[in-house]
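Data block below; observations after.
Just so it is clear, the values below take in all heavy atoms, side chains as well, and ignore hydrogens, waters and symmetry mates. Letters A, B, ... mirror the listed sequences (proteins, then strands); counts begin at 1.
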There are 2 protein chains.
Amino acid sequence: MENIELLVEALKKEGLRFTEQRKFIWDEITSSNDHREAEDIFLSLRKKNINVSRATVYRTIDVLVKNNLVRKLDIGDAPSKYENKIDSHHHDHMICLETGDIIEFYNEELENLQDEIAKKHGYKVIRHVHQLFVKPIK
Amino acid sequence: MENIELLVEALKKEGLRFTEQRKFIWDEITSSNDHREAEDIFLSLRKKNINVSRATVYRTIDVLVKNNLVRKLDIGDAPSKYENKIDSHHHDHMICLETGDIIEFYNEELENLQDEIAKKHGYKVIRHVHQLFVKPIK
DNA sequence: GTTGTTGCAAATACTTTGCAACTAT
DNA sequence: ATAGTTGCAAAGTATTTGCAACAAC
């Protein structure tokens with residue numbers, strides 16, 4: 001997977017340097033499709049004996065989010081979660097209130113409807129947050 | 001507006017006492033349809049020389065949210081905002097990225113679509129968060 | 001009188017920041 | 001050599017909590 005180029009380009013675009021730490025964090029995030037907290041990423045690295053600081057994890061994630069390589073998920077009170085955005089089309093999330101499971105969904109009709117609604121009010125949608133908090137049907 | 005009864009009932013239901021502070025906070029929240037932070041509510045009371053503590057503002061809001069009298073809005077990183085829910089049907093929010101304005105919207109088709117999507121995955125929607133971050137069409 | 005409530009200050013939880021040591025260019 | 005980056009610990013921000021004084025029942 002030659003996705004390391006994506007990191008290099010993003011850093012270049014931001015006028016930032018390519019460092020070992022940034023590479024490790026990038027590898028950690030792109031090696032999974034989970035929805036993880038900054039702390040999870042930090043701990044996962046530490047378990048592999050890669051010691052980058054929490055500060056650097058947060059700082060690097062910021063750059064990745066800003067450059068559309070990582071998606072930030074704000075779920076109510078819980079700490080923000082982050083997911084790898086490479087090879088991943090846009091989707092929204094369904095959060096199971098019983099298990100905490102996060103299910104991704106995408107619906108074109110829904111996307112269009114949003115745009116229409118905004119337009120009716122004289123706006124265009126730049127981004128959106130759509131989360132369904134659900135329970136399993138018994 | 002005899003809505004004070006709603007507070008009294010909610011408190012009764014929760015086995016909580018009716019106090020001056022809770023009444024002041026209730027009055028403050030129900031006297032406006034704004035989307036305000038706990039701090040705004042606290043300061044607004046203070047400006048009227050009503051000195052309730054922040055702790056009590058937060059504790060009271062919790063009860064009101066739990067009893068469906070107040071809606072809690074989590075907008076990304078910003079502090080939570082609260083809005084009076086009395087006489088107000090369900091709606092979602094559009095947040096203008098340029099002005100910070102919050103526009104309410106409701107669309108039945110969209111609501112139904114959500115339910116359908118969840119159902120297709122074997123879930124039912126308990127609550128949802130739907131926010132459009134928008135910019136004005138020039 | 002008993003039990004719930006308040007205000008305060010301290011604690012908490014996640015995240016950001018200042019700064020001196022370090023590293024990429 | 002210069003300017004960006006790191007790790008650490010401290011600060012920050014929004015909110016929650018322990019506790020002693022107090023108020024509602």
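- Looking at residues 32-50 of chain B, you'll see that no heavy atom sits under 4.0 Å from any atom of DNA chain C.
- Distance from the side chain of B:Q21 is smallest to C:dT6 among D:dA24, C:dT6, C:dT15.
- Taking atom NZ of A:K13 as the reference point, atom C1' of D:dG4 lies 19 Å away to the nearest angstrom.
- Nucleotides of DNA chain D nearest to B:R17 and A:F18 differ in position, and the one nearer the 5' end is that of A:F18.
- Sorted by residue number, the members of residues 52-69 of chain A with any non-hydrogen atom under 4.0 Å from DNA chain D read A:V52, A:S53, A:A55, A:T56, A:R59.
- Protein atom CZ of B:F24 is 14 Å distant from nucleotide atom P of D:dA23, rounded to whole Å.
- Contact record, A:L11 with A:F18: CD1-CA, 3.8 Å, taken as the closest heavy-atom pair.
- Residue B:K12 contributes atom NZ, which lies 10 Å from atom P of D:dC25 at whole-angstrom precision.
- Side chain of A:S44 to backbone of A:D40: no donor-acceptor contact under 3.5 angstrom is found.
- Rounded to an integer number of Å, the gap from A:I25 CD1 to D:dT5 P is 12 Å.
- Grouping the Ile, Leu, Val, Met, Phe, Trp and Tyr side chains by contacts below 4.5 angstrom, directly or via other members, places A:F42 with A:V63.
- Summarising the geometry, the separation between CG on B:L16 and C1' on C:dT5 is reported as 10 Å, rounded to the nearest angstrom.
- A sub-4.0 Å separation between OP1 or OP2 of D:dA14 and a side-chain N or O of B:S80 is absent.
- Of all non-hydrogen atoms in A:H89 and A:R71, the two that sit nearest each other are O-NH2, 3.6 Å.
- Among B:K81, B:R46, B:R54, the single residue meeting the salt bridge (Lys or Arg N to Asp or Glu O under 4.0 Å) criterion with B:E39 is B:R54.
- If you measure from atom CG of B:D77 to atom P of C:dT15, you get 9 Å, rounded to the nearest angstrom.
- Aromatic ring centroids of B:H130 and B:H91 lie 6.0 Å or more apart.
- Taking the side chain of A:P79 as heavy atoms from C-beta on, and the options C:dT15, D:dC25, D:dT15, the nearest nucleotide is C:dT15.
- There is a side-chain donor-acceptor pair under 3.5 Å between B:H35 and B:E104.
- The distance from atom CG of B:L11 to atom C1' of D:dC25 is 14 Å, rounded to the nearest whole Å.
- Between the side chain of B:S31 and the main chain of B:E28, a donor-acceptor pair closer than 3.5 Å is present.
- In this structure, CD1 of A:I75 is placed 17 Å from C1' of C:dA13, rounded to the nearest angstrom.
- B:N107 places a side-chain N or O within donor-acceptor distance of the main-chain N or O of B:L110, the cut-off being under 3.5 Å.
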